[in-house]
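Below you'll find the structure, written out as structure tokens, and then a few comments.
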Amino acid sequence: RLDRFTEPALLVDIGTNGEIVLAYDGKMIATSVAAGPAFEGARIVNGMRGAHGAIEKILLDGDVQWNVIGNTKPAGICGTGLIDAAAGMLRAGILDPTGRILGSDEVPAGLSPALRARLIPHGDQVDFLLVSAAESANGQPLFLYQKDIRELQLANGAIRAGINILLKIAGLPPEALRHVLLAGAFGNFIRRSNAKRIGMLPAIPTKRIRFVGNTASFGAKRALLSSAEKDYAARLGREVRHIDLSLDPDFQAEFGSAMLLPETIQEDEE
């Protein structure tokens, strides 16, 4: 029922592909982006899907705290934990807007000794220790590597670039969005405040962002069970204007800009 919203609304289905629909002034425009597999743990050195043993939540509060699916020793990190870690590192000053993990001599003076000790030099870059060998499931330390941050930036930048281009076509600033709807098996588990902090979602009040479940599955079931719903879905498909980002001259510039992480945002409660 996105077509029935009376205020600007954005639907974002986050996964390997990101499907994005913007509804405004009685119109709908849509696009899709190749976000890549980082949110599902692929191409992340210690990445895994959201299964037993995956770190699904991370908090940096003087030191690293984490929740693990199955309440067991961590075996890896899934997409939600990856977003949490990057957002926490940005807030702590461990990660700069270019996505570089800073060395212990570059971070803010007030950074706790425990977090500073987790910055491990490796050649010409720095890795961030998430889990010590003694705490992990396989007896090996779990790091967040610089290349992991780069993979996250690619996925994050693709989604934000798609959102930015739809807003530009509609002539809307991000703050005009009154509703942001997060869909998808992955999208429904991210922390909204952390998705905003890394720039994936516009920095609007968190209360405007809500989870709507697996909308693709729900819509397919309605279309299968009701001829009226099937006809309704077919009509919407004809009315939505599809934007092919590969043909959009602004996409590369928007994608490049979206690869940068926000220096700061106005934060509010989750």
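Position 1 is the first residue of the sequence, and the numbers go up from there. Values in this document were obtained by computation on a predicted structure and should not be read as measured data.
- Of the N and O atoms on the side chains of Glu135 and Ser132, at least one donor lies less than 3.5 Å from an acceptor on the other residue.
- Atom NE2 of His242 sits in a crowded spot, with more than 12 heavy atoms from other residues, nucleotides or ligands closer than 6.0 Å.
- Applying the 6.0 Å contact sphere to CZ of Arg49 captures no more than 12 heavy atoms from other residues, nucleotides or ligands.
- Under a cut-off of 6.0 angstrom, the local environment of CZ in Arg116 is crowded, with over 12 non-hydrogen atoms contributed by other residues, nucleotides or ligands.
- Between Leu60 and the choices Arg91, Met89, Gln65, the side-chain contact (heavy atoms from CB on, under 4.5 Å) rule is met once, by Met89.
- Side-chain contact, Asn156 with Arg160: no donor N or O sits under 3.5 Å from an acceptor N or O.
- Summarising the local packing, CZ of Arg241 is surrounded by 12 or fewer heavy atoms from other residues, nucleotides or ligands at distances under 6.0 Å.
- The 12-atom threshold is not exceeded at NZ of Lys221, counting heavy atoms of other residues, nucleotides or ligands nearer than 6.0 Å.
- Side-chain contact check for Thr206 and Lys196: at least one donor-acceptor pair (N or O, by modelled atom type) lies under 3.5 Å.
- Remark: Arg208 does not engage Glu7 in a salt bridge, criterion side-chain N to carboxylate O under 4.0 Å.
- The number of heavy atoms from other shown groups lying within 6.0 Å of CZ (Phe189) does not exceed 12.
- Arg118 and Val131 make their closest contact through NH1-N, 4.2 Å (heavy atoms, listed as atom of the first residue, atom of the second, distance).
- No more than 12 heavy atoms of other residues, nucleotides or ligands shown are found within 6.0 angstrom of CG on Asn71.
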